[in-house]
Amino acid sequence: MGASAADATVLPVDKGAPVSGAAGAPAPAESGHTRKMHQERHRAATQAFRSQENVGGSPFPPIANLGFISDCHVNALIAPTGNVEWLCLPRPDSPSVFGAILDRSAGVFRLSPSQVSVPASRQYVPGTLVLETTWRTRTGWVTVTDALCLGPWYHQTERSRHHRRPPTDYDAEHTLVRLVRCLAGSVEVVLECEPVFDYGRAPAVWQYAADGYNHAAARAPGAELSLRLVTDMRVGFEGRRASALRTLSEGETAYVALSWDDEVPLPECYEDAASKVNQTAQYWRDWLGRGNFIDHAWRPMLERSCLVLKGLAYAPTGALLAAATTSLPEHLGGERNWDYRYSWIRDSAFTLWALYTMGFDREANDFFYFVADVSEAAELQVLYGVGGERQLDELRLDHLSGYEYARPVRIGNAAYAQKQHDVWGAVLDAVYLHTRSRGDLPERVWPILKRQVEKAIAVWREPDRGIWEVRGEPKHFTSSKVMCWVAADRGAWLARLRGELDSANAWEAAAAEIHADICRHALNQHGVFTQHYGTKTALDASVLLMPLFRFLPASDPRIVNTVLAIADGLAVDGLLLRYRPEETDDGLGSEEGAFTICSFWLVSALVEIGYIDRGRELCEKLLSYASPLGLYAEEIEPKTGRHLGNFPQAFTHLALINAVMHVIRAEEAARRIEHPGQE
């Protein structure tokens, strides 16, 4: 049994007493027989855990079974086994500390019954990113609650003084708290914490605090980052692993807290830890309560998507991560494995639309100014680090096996240096949406806006890599041309708002020229807009953005033909591919699944052209593919429904909000026409 709650005080770490292996620093006396017994019991629990991992023939958990938690500074993924599969510190794009999702030896943090079984239930505390997992074992029931904690602003660190935004009432506490409670019977609980720093390359060295088996610290030789662990369980060391076993009876509890900030006060007992989790849950409920949600059957999906977007935001700068992970494959065993822990400029317009629609103006404003900050550079690029970093060199981590042995594992993303002409339209539409929502155009933004419009006008005739960042030869992609038109069109509107009539007239003329060129060169003999100039057959789901950005009226036969052609030509078992890989030189040979965002775009496009019933039917189907916790990866394998690609993906949840709101508003409009005078 562990120490009592009263004994669980935070003690300074004795840095002169490192522990390596089972031997180590001075600690309270324990007989050799007792120590051996604990080690044997723990080995048995670990062996059972490893065998459970291999159920179904794979040691890796299905992507859709991962739980996502966040404190808006970092995020973590937790498997149904109670294992933290992914956590990068101290930023979301930092090297992993727990990286088991990419290699089973790259770091593990488990808290669960020693007799691991499939959870009886798994859910978020309603309205939060606090995760609860409940197991039934042969001897009893137990629940583990996980939270990356947020709490009242308690100190001003050097880091916080350099935040672009002033501190809010709540801020990240840089602590992962895990609570366990026995609900019935008795359950043996195992704690296993084995961090491996630097993407699995630097094993941790553990040491006890000055005394006690309840407080420890882990550091990798030469690494700046260190971890502090506190628990009311009795911790021992075995190699690079800190571990504990404890049997809980009905009503009994235990906790463990792991922090990567030396200034943060750690919980001193279970009650203190539970209080931190409760205040974190209250933060999320209060935040969600600010939203503007329609009372509808799909409201829970809208709320969950908004929570995911908030969790993927990086609070110090307002940046939005494309996803929490790197290198989760788009096709099992394939090479389409990319690092998505960065902020893409093209997400900006969709992000602002979704956040403004849902009533989260503060977050929309934060992201808008992140885009404005990075756009002040002379040359706008496709993506940035969450701190605004411009150079994101792509590297391969060949020492990692990869998820389901899909290699290579990549960090960084070479797409930052590509030419993708949609970025200027994304920025201009973001400014346009911000101005329409807020009622003003910030003075500092106007010079940025002018530069981006002029750049779009200067390059729109050139080929590029397109929205899908192909690694084949550049082409005249239709969606890229459309976004250059968006830049000129929105720029002209904003120029007129400012009274800059010369600029407005020039940009309107440029927009008209781009528009005519697209209609002349991207349209095939069937009146369908194709993927790029020079092809008569290749389709691309990104062309579905044409009606959403109002390139042509939704009733225009060319738009209707295009939407229906894409719906039929790119569908596999009802889900949409980005394009047919065999028809597109994307520089890669492997297959991929259906891109979920494309299917949600199709919902919106179908509603736009008046196919409301068909759009609703597809939307219902897509919502049924959500993970058990309401999350989405980048892709869905059509034949199996398996989630593939990085997870959870912001762009998919943005498109979900857009699609769901399209259907709801169209049906409300239809009801008003059918029953005038009724609310």
Side-chain angles (χ1 to χ4, degrees), residues 13 66-79 83-103 105-111 129 131 146-151 157-160 162-163 171-178 192-207 216-230 240-242 256-266 276 280 311-317 319 321 323-327 339-342 385-387 389 397 400 409 411-412 646:
V13 172
L66 296 169
F68 168 74
I69 61 175
S70 171
D71 62 6
C72 303
H73 281 234
V74 298
N75 39 68
L77 299 179
I78 303 174
N83 183 36
V84 176
E85 294 277 328
W86 184 247
L87 176 62
C88 299
L89 300 173
R91 290 192 351 173
D93 56 353
S94 296
S96 65
V97 172
F98 302 112
I101 194 67
L102 294 179
D103 192 297
S105 64
V108 62
F109 185 14
R110 174 195 174 199
L111 183 65
L129 287 179
L131 183 65
D146 292 303
L148 282 164
C149 289
L150 294 119
T157 65
E158 184 65 22
R159 177 177 57 252
S160 69
H162 288 86
H163 284 187
D171 191 49
E173 293 200 338
H174 313 292
T175 304
L176 171 60
V177 171
R178 314 192 72 184
E192 186 178 63
C193 187
E194 186 180 328
V196 188
F197 298 83
D198 193 23
Y199 298 112
R201 289 181 289 207
V205 175
W206 283 98
Q207 60 184 30
R219 183 186 295 273
E224 294 183 6
L225 183 70
S226 63
L227 304 176
R228 293 186 298 148
L229 182 146
V230 61
R240 61 192 190 183
R241 179 184 304 139
V256 58
L258 187 74
S259 178
W260 45 98
D261 187 335
D262 291 340
E263 299 184 41
V264 172
L266 292 175
K276 288 182 177 294
T280 300
L312 288 172
Y314 183 61
T317 64
L321 291 169
T325 57
T326 179
S327 300
D339 193 346
Y340 277 13
R341 297 170 299 157
Y342 306 110
V386 295
E389 295 83 4
L397 302 182
L400 295 177
V409 173
I411 57 172
N646 286 309

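- Looking at every heavy atom in both residues, Ala323 comes nearest to Leu312 through C-CD2, 4.0 Å.
- Formation of a donor-acceptor pair under 3.5 Å by the Asp71 side chain with backbone atoms of Val74 is found in this model.
- The nearest pair of heavy atoms linking Asn83 to Ala100 is ND2-CB, 4.0 Å.
- Interatomic distance, Glu263 CD to Glu173 CD, rounded to the nearest 0.5 Å: 13.0 Å.
- A heavy-atom distance below 4.5 Å is not found between the side chains of Tyr340 and Leu321.
- The closest side-chain heavy-atom distance from Phe68 to Leu129 is below 4.5 Å.
- Partners of Asp146 by salt bridge (charged side-chain N to carboxylate O under 4.0 Å, His left out), not counting sequence neighbours, listed by chain and number: Arg178.
- Here the closest heavy-atom approach between residue Asp262 and residue Ser226 is recorded as OD1-OG, 4.0 Å.
- Here the side chains of Val386 and Arg91 are in contact, with some heavy-atom distance below 4.5 Å.
- Tyr342 and Gly385 make their closest contact through CD2-CA, 4.0 Å (heavy atoms, listed as atom of the first residue, atom of the second, distance).
- Looking at Leu77 and Val84, their side chains never come closer than 4.5 Å, going by heavy atoms from C-beta outward.
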Using side-chain contact (heavy atoms from CB on, under 4.5 Å), reason through Phe197 and Leu89 one step at a time and then give a plain yes or no.
CA-CA 9 Å; Phe197 298 83; Leu89 300 173; over 6 Å; no

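- Between atom CD of residue Glu192 and atom CZ of residue Arg110 there is a gap of 6.0 Å, rounded to the nearest 0.5 Å.
- Residues meeting the side chain to side chain contact (heavy atoms under 4.5 Å, CB included) test with Ser96, sequence neighbours left out: Trp86, Cys88, Tyr199.
- Side-chain atoms of Val256 and Val230, non-hydrogen and from C-beta on, never get closer than 4.5 Å to each other.
- Note that CG of Asp171 and SG of Cys72 are 9.0 Å apart. Values are rounded to the nearest 0.5 Å.
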With salt bridge (Lys or Arg N to Asp or Glu O under 4.0 Å) as the test, would you mind laying out the steps for Arg219 and Glu224 before giving the verdict?
CA-CA 8 Å; Arg219 183 186 295 273; Glu224 294 183 6; over 6 Å; no

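- Checked by atom type and distance alone, the side chain of Asn75 never pairs as donor or acceptor with a backbone atom of Ile69 at under 3.5 Å.
- Applying the side chain to side chain contact (heavy atoms under 4.5 Å, CB included) criterion to Asp103, with sequence neighbours excluded, gives Ser105, Ala106, Leu400, Ser401.
- In this structure, Ala76 and Leu87 approach most closely via the heavy-atom pair CB-CD1, 4.1 Å.
- Looking at every heavy atom in both residues, Cys149 comes nearest to Thr280 through CA-OG1, 3.3 Å.
- Side-chain contact between Val196 and Phe98: absent, with no pair of heavy atoms (C-beta onward) separated by less than 4.5 Å.
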Walk me through it: do Thr326 and Leu102 pass the test side-chain contact (heavy atoms from CB on, under 4.5 Å)?
CA-CA 9 Å; Thr326 179; Leu102 294 179; 3.9 Å; yes

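- Using a 4.5 Å heavy-atom threshold, the side chains of Thr325 and Ile101 count as separate.
- Side-chain contact check for His73 versus His174: some heavy-atom pair is nearer than 4.5 Å.
- Evaluation of the side chain to side chain contact (heavy atoms under 4.5 Å, CB included) rule for Ser259 yields Thr175, Arg228, Asp261, Val264, Leu266 as partners, not counting sequence neighbours.
- Applying the salt bridge (charged side-chain N to carboxylate O under 4.0 Å, His left out) test to Asp339 and every residue at least two apart in sequence or in another chain returns Arg341.
- Partners of Ala79 under the side chain to side chain contact (heavy atoms under 4.5 Å, CB included) rule, at least two apart in sequence or in another chain, are Pro61, Leu66, Thr81, Glu85.
- Atom-to-atom distance recorded for Ser94:OG and Leu225:CG is 8.0 Å, nearest 0.5 angstrom.
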